[in-house]
Amino acid sequence: MGRWLSVLTLLLVMAARAQPVPRNEQLLRALETARTPAEARPLLERLEQALKDGELFGEETRIARLTRRFWEDPAAPSAVRFQLQEIYGMIAPALAAMEPSLAETLFVHGPLGWLQGKDPERRRWTLDVLTLGWEILYGQNLQEVFLQALPAMLASAATWPEEEFEVVLYLLADRIALSTEMRLPDGLPTAFVERLRRYRGNYIWKLPEILALDTTETGTNRLIAWAQHPPPPPPSLAAYPHRWRERFLEKLDGRRLTPEQKRQVVALLSDPELRDAVFRLVRAWRYRGEPLPPPPPEMLPMLEEWAVREHCEEAVRLLAAAGREGLTRLFRIVMEEFRDWDAPVREPRPCEWDRWSTLFAHADAIADRIEAAYREAPTPRLLRLLARPGRWEVVLEALSSPEAALRREAAFLLALAVAPEEDALARTGDAGQGQALVASWKKRPELQARAQKALRQALRDEDPNVQREALRALLYLGDETAWPVLLAVMRVENENRFQTFLSGFRPVLTDSLAHALTEVARRDSSEAVRRRAVVLLGRAAPGPWQTVVEPVLREMLGDPDPEVRRAVAEYFAAVPAREVATTTALLEATHDASEYVRHAAAMALGLARGWTPELVDRLEVRLREGDPDENVVRGLERAYLHALRREPGSVDRLLAIVLERKGPARWRKALAEGPPADSIVVRALLERLASRPLKDWASMPPKFGLEALQRMIEFFVRAEEDPLPLVLIGHLVPREMLDPWLIRRALEDPNLSLEHRLWLIHQTLEIPADLRENVWRLLMQALREEEGGEMTLALFGRWGFAGVRRLVEERWDEPETLRRVARYLRRQEELGKLRAATGNTGGPHLPKPSDEDLPWIEATLARLVPGTRDPRLAPLVELLGLWDLGNDPALKKATFQTRIPQLLLRHLADPVECRAVAEAVGSLFSRGIVPRCP
């Protein structure tokens, strides 16, 4: 009996320590006692086969320590070395996470130390190991360690024979350089670079890639120097030496260069062969917002020539970076273009806008030169350039110039600066330039009184453009001396002159001025003046005066002149009517004899805010009457849908469209694309829906299935053309009201299936905090009963991994329930993958753990006793997503800082438990195979 107890005790101890099967234990002990590589060779063969067979998981550190002496033995034959390389290739991923310092010593510092030794045979073998094992042996962390230690080896490699030196170049060019994120933190040693310059072997064409590994300032200087004075090109580029030099310059793309380095690069523009490559770099700097270097003075003539050619954008910016001299040359080019700017037919040169905007931005540097040119030959463009650096005195002088073009520009610039409205800023062609002019004006507060006086004088200008800008600015300032001029403008006989005046005119009206304008619109004897007054009110910036003028304008819908009526209707199409009486008048206006009035009135009804049930009835009757003009019909339809969103007494009509599909499909599309309903209508709508069965407005779509694929396609096509009721409700009811209402409806309706209730909750964007607990209980009920389909997994994802933790804790004492729930959730996940494989949208996934969840996972796994075949083991592996821990390098590294790997390895000794954890263990140890279960 004592003997059997001892055996049982030994087995339990082996299981607790995750010992492999005795055969492998004997193998490891034999390796421990092996004295020579020759003696170890058959053992290494058996070890390699055991690893390939899925054994020895968790023994990576022990294997590395046992075999390390053979790996480092200089007398080890090549067969043993390459066999060890195979072994280390299989254990390296786990070893790097389990024992980083040992992995660094074994795979980085050791081989690099061998390379610096004097044994040429060992050095050649080590180079082969490094070049073949770059991707296999080195995880991302080890690659960084390797790159930090590499420069010392490269310094030694500068004296190696050509064959070995070429192997180093192969490692750098065809291994390290292919990983775009790999860079040498300490750069390339000087001796190695000097050897590179003398090198003429097979890898000479890879020199740019090798130099580019050095991202230090010294490395950048070398790339520039080699572009200036390169080594002889490889035979393939002998006929294209410029292309060889360009390759060194191309490696500068993406680097942050110092001003001096940029100057050296720009100086290469003097070489025609490198011009394209240099301009590409300048373009990249410009796009990244980096400052450009001033080019050498001798290069300015060439840049001036290129400023109107294919690389003009970069040449223009470089001219500006050259300071006063470069800007003067740029100014000369722009002046040439000014001379034929207004020609009826002209061939614009490339980059005209770039030249103008660049000169505008730097006008302060050559303001004296610009002013001198203006005094010699005044032009509107020069006047704008002078405004930019703050020469507003010149602008004020131009306001009294005999030339109309100068007066127009001066009035525009002053009005823009004094009254910086959005429309005026846009008229500069670039809102940024308009804002720059406004900022320039604000620096001259002493000129404001003089400017207002000059603008008053400009009101008497015979040019309507000058009048308009002056009037707009003075109205913005609240200067009522502009009122007589505004009245005079409305009385001009020439309609074209008035329309010209309106262009870009958006006045700011005081209450008194708006009231006076309204009186003109109502009482003036001239139909044209009345119409123009209404048009001006419609163009004015919004203000409190709109409420006061609405009753007056409403009466004018009965004006005898159709153009006046049309102007009033168009006013209300821009300014929503607030009063019920106005809505009534607009509805009557849809019977107007003029189709233009009818159309404008119908558009205005689509914005009106004053609705009653009676008015909606009348609008519905009017809609049934139809109209000869299709535009009027469409406007009435939009107005009808708008009224239903605003009038709670018409909610039944709205429900008839949404639920009973009354009216054409375009009505429902318009509801889905329009704004939500008013809050009072929303409340009435939800009250009505509360009494309707869910199948009337929240039917589930067809389930996924290959046999039902055609039916699903037809369903979604119809839903696109004629939106479903729940989609429409989601657009009519704001989400903050709809979501809690839908959730409560799902929770309180026991007649619905669990799947339907979960689907309804899933349609919400957010589950309110006060309802989350009830939703969780409903979700748990669905999981226990294995109902709900993919909706269970979709809703489960709302809780993230915290939901997994809660599920496990709540069902810990119900292992069978835990098993069924895990199996059910995983089945739904597999169905989602199947859907994605057929070209449809993929389904939801189980939440994945993060590094913050690892302590809880460790504590949970520790609760399981190995060898007892605890029924919770398999569902835990499913729910916790343990196979995902090995897919994320950072998460994997954090996992090996816990006891999770050891806790999983404890279960490999039992055949049933092994099958539960094998896949997770295989993923975590990254061997490409799963453990072989006994």
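Side-chain atoms are counted along with the backbone in the values below, which use heavy atoms only and exclude waters and symmetry mates.
Proximity of Met302 to Ser270: side-chain heavy atoms (C-beta onward) are nowhere separated by under 4.5 Å. Side-chain contact between Trp285 and Val266 is present, with heavy atoms from C-beta onward closer than 4.5 Å. Side chains of Leu359 and Ile366 form a contact here, defined as non-hydrogen atoms less than 4.5 Å apart. Put simply, the side chain of Leu269 does not reach to within 4.5 Å of the side chain of Pro295, judged on heavy atoms. Using a 4.5 Å heavy-atom threshold, the side chains of Leu188 and Thr218 count as separate. For the pair Pro297/Glu325, no side-chain contact is recorded, criterion being any heavy-atom separation below 4.5 Å from C-beta on. Here the side chains of Leu31 and Ile63 are not in contact, with every heavy-atom distance at 4.5 Å or above. In this structure, the side chains of Leu319 and Leu327 stay at 4.5 Å or more apart for every pair of heavy atoms.
Under the 3.5 Å distance criterion, the side-chain polar atoms of Glu852 are left unmatched by any main-chain donor or acceptor of Ser850. A donor-acceptor contact shorter than 3.5 Å is absent between the side chain of Arg247 and the backbone of Pro208. Remark: side-chain polar atoms of Thr220 are paired, donor with acceptor, to backbone N or O of Thr216 under 3.5 angstrom. At distances below 3.5 Å, at least one donor-acceptor pair connects side-chain atoms of Thr33 with backbone N or O atoms of Ala30. Side-chain N or O atoms of Glu86 include none that pairs as donor or acceptor with a backbone N or O of Gln83 at under 3.5 Å.
Considering CZ of Arg263 and CD1 of Ile224, their distance stands at 11.5 Å, rounded to 0.5 Å. With rounding to the nearest 0.5 angstrom, the CG atom of Leu854 is 4.5 Å from the OG1 atom of Thr895. With rounding to the nearest 0.5 Å, the separation of CG in Leu28 from CG in Leu43 is 10.0 Å. Annotation: the span from Leu249 atom CG to Trp244 atom CH2 amounts to 12.5 Å, rounded to 0.5 Å. Atoms CE and CG, on Met299 and Leu318 in that order, are 9.0 Å from each other to the nearest 0.5 Å. For the atom pair Ile91 CD1 and Glu59 CD, the distance stands at 11.0 Å (nearest 0.5 Å).
Other residues, nucleotides and ligands place more than 12 heavy atoms under 6.0 Å from the CH2 atom of Trp883. Counted within 6.0 Å of CZ on Arg200, heavy atoms from surrounding residues, nucleotides or ligands total more than 12; the atom is thus considered enclosed. For Glu39, the CD atom counts as densely surrounded, since its 6.0 Å shell holds more than 12 non-hydrogen atoms of other residues, nucleotides or ligands. Environment of CZ in Arg29: sparse, with no more than 12 heavy atoms of neighbouring residues, nucleotides or ligands closer than 6.0 Å.
Of all non-hydrogen atoms in Leu154 and Val168, the two that sit nearest each other are CD2-CG1, 3.6 Å. Between Pro234 and Ile204, the shortest heavy-atom contact is CB-CG2, 3.5 Å. Taking both residues in full, the closest heavy atoms of Tyr203 and Asp174 are given as CE2-OD2, 3.9 Å, listed atom of the first, atom of the second, then distance. The minimum heavy-atom distance linking Phe896 with Ala97 is given by the pair CD1-CB, 3.3 Å. Between Met90 and Lys52, the shortest heavy-atom contact is SD-CG, 3.9 Å. Taking both residues in full, the closest heavy atoms of Ala307 and Cys312 are given as O-CB, 3.1 Å, listed atom of the first, atom of the second, then distance.
The pair Lys251-Glu246 fails the salt-bridge criterion, with no side-chain N (NZ, NE, NH1 or NH2) lying under 4.0 Å from an Asp/Glu carboxylate O. The pair Asp73-Arg81 does not meet the salt-bridge criterion, since no charged nitrogen lies less than 4.0 angstrom from a carboxylate oxygen. With salt bridges taken as basic N to acidic carboxylate O contacts below 4.0 Å, one links Arg317 and Asp354. A salt bridge links Arg222 to Asp214: one of the charged nitrogens lies within less than 4.0 Å of a carboxylate oxygen. Comment: Glu305 does not engage Arg329 in a salt bridge, judged by the lack of any side-chain N to carboxylate O separation of less than 4.0 angstrom. With respect to Arg243 and Glu273, no salt bridge is recorded, no charged nitrogen being found less than 4.0 Å from a carboxylate O. Taking 4.0 Å as the cut-off between side-chain N and carboxylate O, Glu313 and Arg286 count as a salt-bridged pair. Salt bridge annotation for Arg349-Glu336: present, with a cationic side-chain nitrogen under 4.0 angstrom from a carboxylate oxygen.
Aromatic ring orientation, Phe165 versus Phe192: tilted (interplanar angle from 30° to 60°).
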Check the pair His109, Val145 against side-chain contact (heavy atoms from CB on, under 4.5 Å), reporting the backbone distance first and the verdict last.
-> CA-CA 9 Å; His109 301 302; Val145 173; 4.0 Å; yes
Hey, mind stepping through Asn221 and Glu217 against side chain to side chain donor-acceptor pair (under 3.5 Å) and telling me if it holds?
-> CA-CA 6 Å; Asn221 288 332; Glu217 183 176 345; 4.5 Å; no
Pair Asp276-His311, side-chain contact (heavy atoms from CB on, under 4.5 Å): steps then yes or no = CA-CA 8 Å; Asp276 290 346; His311 291 295; 2.9 Å; yes
Evaluate side chain to side chain donor-acceptor pair (under 3.5 Å) for Gln148 paired with Asp186, printing each intermediate quantity in order.
-> CA-CA 7 Å; Gln148 291 174 354; Asp186 297 327; over 6 Å; no
Go through the steps to decide whether Glu304 and Arg332 satisfy the test salt bridge (Lys or Arg N to Asp or Glu O under 4.0 Å), and finish with yes or no.
-> CA-CA 9 Å; Glu304 185 177 357; Arg332 184 162 56 238; 3.1 Å; yes
Take Leu905 and Val917, measure what side-chain contact (heavy atoms from CB on, under 4.5 Å) needs, and give me the verdict at the end.
-> CA-CA 8 Å; Leu905 290 170; Val917 302; over 6 Å; no
Determine, step by step, whether Glu290 and Lys262 satisfy the salt bridge (Lys or Arg N to Asp or Glu O under 4.0 Å) criterion, reporting the C-alpha distance in whole Å, the side-chain angles of both residues, the deciding distance to 0.1 Å, and the verdict.
-> CA-CA 11 Å; Glu290 298 180 19; Lys262 288 181 178 179; 2.9 Å; yes
Kindly determine whether Glu337 and Arg355 satisfy side-chain contact (heavy atoms from CB on, under 4.5 Å), including the steps that lead there.
-> CA-CA 10 Å; Glu337 293 168 345; Arg355 287 189 290 277; 2.4 Å; yes
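Side-chain contact check for His242 and Asp271: no donor-acceptor pair (N or O, by modelled atom type) lies under 3.5 Å. Counting only N and O atoms by type, the side chains of Tyr199 and Glu166 include a donor and acceptor under 3.5 Å apart.
Because its NZ or CZ atom is both nearer than 6.0 Å to the ring centre of Trp160 and within 45° of the ring axis, Arg123 counts as a cation-pi partner of that residue. Relative to the six-membered ring of Phe331, Arg369 misses at least one condition, a distance below 6.0 Å or an angle of at most 45° to the axis. For the pair Arg309 and Trp306, the cation sits on the ring face: its NZ or CZ lies under 6.0 Å from the ring centre, inside 45° of the axis.
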